[in-house]
Amino acid sequence: MTTPLVFHPIYSQLDLPERHRFPIEKYVGIRDALINRGVSAARFITPEPISDETLTTFYDPIYVKALTAGSLDKKAMRRIGFPWSQQLIERTRTAVAGTCLTASLALESGKALNLTGGYHHAFADFGSGFCLFNDLYLASKTMQKNSSIDNVLIVDLDVHQGDGTAKLAENDSDIFTLSIHGEKNFPHRKQHSDIDIGLAKGTEDDEYLTTLEQALTLALRQFQPDAIIYDAGVDVHVNDDLGHLHISTQGVYERDKQVFALADRLGVPIAAVIGGGYQRDIAALVDVHIQLYRAAGVID
């Protein structure tokens with residue numbers, strides 16, 4: 001079965017101040033790279049923006065209303081890291097919906113990938129670190145609407161701890177959060193995932209891949225997932241501006257293969273998002289992100 005790919009051009013449509021840290025162009029860059037490597041443009045599935053009703057079911061209605069209306073105070077917007085605009089809200093609604101759609105498609109096809117996602121620093125009542133609404137938590141709730149899915153494992157391998165996800169899921173015994181991240185990196189105040197492994201600056205491939213294997217084994221001793229959500233952040237890469245780890249492009253590919261192999265072995269659906277990645281050279285950044293699609297068998 002063909003693996004569904006979820007994309008909307010709005011993922012890369014956001015006017016940001018010059019030299020802004022967020023690489024907004026990378027999403028359309030990933031799509032173009034996939035097309036250049038033989039993926040049909042017709043294969044991309046387009047999400048519709050998520051509704052207020054869905055957002056306020058799981059997140060603080062006061063926060064949702066203030067953020068979407070543009071009345072959130074300046075300090076709260078600074079914490080998010082983007083200037084407010086209607087474009088930002090539409091992009092966010094669509095990106096978050098994209099991850100939820102990816103989760104639904106994974107249940108049908110076994111695996112599905114979004115060309116954005118991983119907004120794991122968003123909490124119930126505030127946004128942080130370029131994240132407005134937490135799509136990983138919403139995607140797990142989307143999966144759990146299906147009668148065959150009780151337990152969802154969130155594997156977060158972005159270099160930054162998935163603090164918002166950990167906090168949102170802390171009282172959900174049927175969502176298990178695993179975060180492997182840079183110990184001395186943002187967020188400085190960590191939350192408690194079900195499994196947290198903080199890595200030292202300069203960690204290289206062998207240690208990283210062994211740690212992942214051990215962490216996945218440990219997770220399965222504690223939890224039997226019916227589905228997996230995977231945040232494949234590439235800010236672990238040696239050339240990332242914000243990562244401080246020394247993982248090679250091949251290491252990223254081997255990591256992603258390990259997570260897909262786990263889902264395959266367990267016979268459970270997996271929904272993957274691309275997570276963080278911060279290189280000024282967009283082509284070089286896209287090349288690292290594209291490893292996810294290689295590992296998933298979308299491209300050779």
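Only this structure's heavy atoms are used, side chains among them; waters, hydrogens and symmetry mates stay out.
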Using distance alone, with no hydrogens and no angle criterion, decide if [X] and [Y] have a side-chain donor and acceptor under 3.5 Å apart.
X	Y	value
Asp196	Gln161	yes
His289	Lys26	yes
Tyr230	Asp156	no
Thr57	Thr54	no
His246	Thr203	no
Tyr293	Asp256	no

| said: Just to verify, what does Phe58 make a ring-ring contact (aromatic ring centres under 6.0 Å, His included) with, not counting sequence neighbours? | reply: none

Going by atom type alone, with no hydrogens or angles, which donor-acceptor pairs under 3.5 Å involve a side-chain atom of residues 257-268 and a protein atom two or more places apart or on another chain?
residue: Gln258; atom: OE1; partner: Glu213; partner atom: N; Å: 3.1
residue: Gln258; atom: NE2; partner: Leu209; partner atom: O; Å: 3.4

For the student: nearest non-hydrogen atoms of [X] and [Y], plus distance:
X	Y	value
Asp174	Phe223	O-CZ, 3.6 Å
Thr92	Phe133	CG2-CD1, 3.7 Å
Ala271	Ala103	CB-CA, 3.8 Å

| said: Please determine whether side-chain contact (heavy atoms from CB on, under 4.5 Å) holds for the pair Leu5 and Val298, giving the CA-CA distance in whole Å, both sets of side-chain angles, and the decisive distance to 0.1 Å. | reply: CA-CA 9 Å; Leu5 303 172; Val298 172; 3.9 Å; yes

Donor-acceptor pair, side chain of [X] and main chain of [Y], under 3.5 angstrom:
X	Y	result
Ser71	Leu67	no
Asp226	Asn151	yes
Asp172	Ile175	no
Asn114	Ala272	no
Arg93	Ile50	yes

| Same cluster (ILVMFWY, side-chain, under 4.5 Å), Leu285 and Val238 | no

| said: Let's go through His160 and Asp235 carefully: what are the C-alpha distance in whole Å and the side-chain angles of both, what is the deciding distance for side chain to side chain donor-acceptor pair (under 3.5 Å) to 0.1 Å, and is it a yes or a no? | reply: CA-CA 8 Å; His160 305 107; Asp235 35 17; 3.3 Å; yes

| Lys141 and Lys145, any side-chain heavy atoms less than 4.5 Å apart | no

| query | Do Leu157 and Leu212 touch side chain to side chain, with heavy atoms closer than 4.5 Å? | reply | yes

| For Arg280, does the CZ atom have more than 12 heavy-atom neighbours from other residues, nucleotides or ligands under 6.0 Å away? | yes

| remark: In this structure, OG of Ser12 is separated from CD1 of Ile30 (nearest 0.5 Å) by 8.0 Å

| request: Any chance you could measure Leu218, atom CG, to Thr211, atom OG1, to the nearest 0.5 Å? | output: 12.0 Å

| Arg37/Asp300 ion pair, N-O < 4.0 Å | no

| Is Arg255 paired with Asp205 through a side-chain N to carboxylate O contact shorter than 4.0 Å? | no

| Check: Phe7 ring centroid to Tyr11 ring centroid under 6.0 Å | yes

| task | Please lay out, stage by stage, how His181 and Asp158 fare under the test side chain to side chain donor-acceptor pair (under 3.5 Å). | result | CA-CA 6 Å; His181 50 264; Asp158 192 280; over 6 Å; no

